[in-house]
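What follows is a set of notes on a single structure, which appears directly below.
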Amino acid sequence: MTMTDPKPTVSADVMSLAGELGAERAKPGWSSFSLAINDDQRELRDWAHTFAADVIRPAASEWDEREETPWPVIQEAAKIGLYGLEASINLFIDPSGLLMPLVQEELFWGDAGIGMSLVGTGLASSAIFSNGTPEQWSQWLPRCYGTPDDVQVAAFCSSEPGAGSDVSAIRTRATYDEKTDEWVINGQKAWATNGGIADIHVVVATVDPSLGTKGQAAFVVPKSEVSGLEQGTKLKKHGLRASHTADVFFDNVRIPAANVLGGKEKLDARLAKAREPRDSSGPARNASMATFEMTRHIVGAQAIGIARAAYEFALDYAKGREQFGRPIIDNQGIAFKLADMALEIDAARLLVWRAANMSSALMRGETPDYRHGEGSMAKLKAGEVAVKVTEEAIQILGGNGYTREYPVERMHRDAKIYTIFEGTSEIQRLVISRAISGMRIR
């Protein structure tokens, strides 16, 4: 077509076809993709935000300094229905998968240390749900949370001094005693959230060392019903100070055979199958990994809450702080930092929401198909964004940001753990690289 040619016209047939397709795709179902949350999700998110603003934030600095579990805040959350088994079920049962991360982002926007005290029990309850039988759900899940009048927390004990990212190195042993029909547990767990102060401890232990991770199982250990379970050193941490973290020791702790999650018959069958000659090139799925897979996007949402809180504080500060006769946000050096912070937070949230939506397969009794490591992508991105954004917030506040008079210092300390726990950034990259390559990268 030359410059003098008339503009091409669209034929009537093409226009008719476009009209027919448009009408067909306007029907319900074609418009299912949406980034908008529904009214129920918005209401619950705003409810959590109000609690975070009115109860959590005013108490954040005190409990960070005290480095103690904020029991009054947990009790208040339980009274209004924000903490407890019913609350967890309510948040989990969402066909979109978004409700849990929406609420957790708000809680951690309030404060990460107190937020972890409110949600730390979820690791243990997730382990029971993902590995246990319906009978075990009924028996143990209510005891993880207690009641509004008698609030309890639970602990998930997987990591050890020599087994953090490398779960195959777990040395805690569970030995079956046929005479008494009991399991006998011996070993030490490290970095256990609520370790020692909880009644219900979910413990990952090795049953058959020759099988590596395939020879491991998870056990419910109720502290009030056993002897030999003792809290070790309570850790003094860089961040998340309002969340209790401690070592836990197990010295000939005896529990009924029925306390193995999934049941002993299922465990025996799984171990027998693992002992058969077979290709072992693929990664093994065990109790620790099953729990982490269910919670990676949720952990990512927590990191986003911290990052968002720091970004919002820095933005307000930059708009109100004047230097050389004008607000510092008038300077590109500050404004561009804030633009990048907003960009990275939104990008991380989209990855979290995608993984959360994929997790909704659990509602259908299916395993989420994270074929490209989407759960790890979400956790990795959100954790690293939280560290970067909180650091930039300190930079924007300058000397003020480095003092405890301003909350961004605490937020920066809290953020760092998100590149370490529940799989370091390096482990997340390993998971993703294995997923996209189909190879056993080491």
Side-chain angles (χ1 to χ4, degrees), residues 32-38 41 44-45 48 88-109 112 115-116 119 122-123 125-127 129-131 156 165 283 285 288-308 343-389 415 417-438:
S32 60
F33 175 78
S34 174
L35 294 177
I37 60 176
N38 61 41
Q41 292 166 334
L44 288 168
R45 180 202 63 185
S88 296
I89 293 174
N90 184 30
L91 297 180
F92 178 75
I93 298 178
D94 175 13
S96 74
L98 295 182
L99 194 51
M100 184 73 80
L102 280 170
V103 168
Q104 296 228 359
E105 179 179 332
E106 297 306 323
L107 296 178
F108 282 71
W109 171 89
M116 186 56 67
V119 307
L123 271 175
S125 62
S126 293
F129 180 79
S130 60
N131 296 289
F156 179 64
S165 298
R285 177 180 174 86
S288 293
M289 292 298 101
T291 301
F292 293 149
E293 287 169 12
M294 288 183 64
T295 59
R296 275 180 177 146
H297 66 276
I298 298 174
V299 173
Q302 297 169 6
I304 291 170
I306 301 170
R308 195 184 103 215
L343 166 70
E344 291 298 316
I345 290 170
D346 278 4
R349 185 183 291 109
L350 288 173
L351 284 173
V352 166
W353 282 17
R354 178 181 69 169
N357 184 247
M358 294 174 71
S359 76
S360 64
L362 291 166
M363 295 295 298
R364 302 186 296 272
E366 303 169 1
T367 301
D369 186 17
Y370 296 132
R371 64 180 61 193
H372 295 134
E374 288 86 352
S376 289
M377 287 182 182
K379 195 268 183 184
L380 170 63
K381 179 66 174 178
E384 296 199 341
V385 164
V387 171
K388 180 62 175 176
V389 166
I417 193 62
Y418 285 86
T419 63
I420 300 173
F421 75 170
E422 293 206 43
T424 63
S425 289
E426 291 76 17
I427 287 296
Q428 305 307 331
R429 288 184 167 89
L430 181 64
V431 171
I432 296 166
S433 62
R434 287 176 174 176
I436 62 176
S437 69

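In this text, all values refer to a predicted model and were calculated from it rather than measured experimentally. Just so you know, residue 1 is the first one in the sequence shown, and it goes up from there.
- In this structure, the side chains of Y418 and V387 stay at 4.5 Å or more apart for every pair of heavy atoms.
- The two residues V352 and P101 make their nearest non-hydrogen contact at CG1-CB, 4.1 Å.
- Nearest heavy-atom pair, K379 versus G423, reported as atom, atom and distance to 0.1 Å: NZ-O, 2.7 Å.
- Heavy-atom minimum distance, A382 versus A348: CA-CB, 3.9 Å.
- Between the CG atom of L98 and the OG atom of S359 there is a distance of 8.0 Å, given to the nearest 0.5 Å.
- No side-chain donor-acceptor contact under 3.5 Å links K388 to the backbone of E344.
- Residues R308 and E106 meet the side-chain proximity criterion, which asks for heavy atoms closer than 4.5 Å.
- Shortest non-hydrogen contact noted between A386 and A303 is CB-O, 3.5 Å.
- Annotation: side chain of I298 is not in contact with side chain of F92 (no heavy-atom distance under 4.5 Å).
- Contact record, Q302 with V119: NE2-CG2, 3.6 Å, taken as the closest heavy-atom pair.
- Atoms CD and CD, on Q428 and E422 in that order, are 9.0 Å from each other to the nearest 0.5 Å.
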>> Between M377 and R354, is the side-chain contact (heavy atoms from CB on, under 4.5 Å) condition met? List the steps.
In response: CA-CA 10 Å; M377 287 182 182; R354 178 181 69 169; 3.3 Å; yes
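- M116 has its side chain within reach of F108: a pair of non-hydrogen atoms, C-beta onward, lies under 4.5 Å apart.
- In this structure, the side chain of N357 engages the main chain of S96 through a donor-acceptor pair within 3.5 Å.
- Here I427 contributes atom CD1 and L380 contributes atom CG; the two are 11.5 Å apart, rounded to the nearest 0.5 Å.
- R371 contributes atom CZ, which lies 14.0 Å from atom CD1 of I436 (distance to the nearest 0.5 angstrom).
- The backbone N or O of N38 lies less than 3.5 Å from a partner atom in the side chain of Q41, making a donor-acceptor pair.
- Taken from CG in N131 to OG in S126, the straight-line distance is 10.0 Å, to the nearest 0.5 Å.
- Pairing each heavy atom of Y370 with each of G375, the nearest pair is CD2-N, 3.8 Å.
- By the 4.5 Å heavy-atom criterion applied to side chains, I304 and V385 are not counted as neighbours.
- In this structure, CG on D94 lies 8.0 Å from CG on L102, to the nearest 0.5 angstrom.
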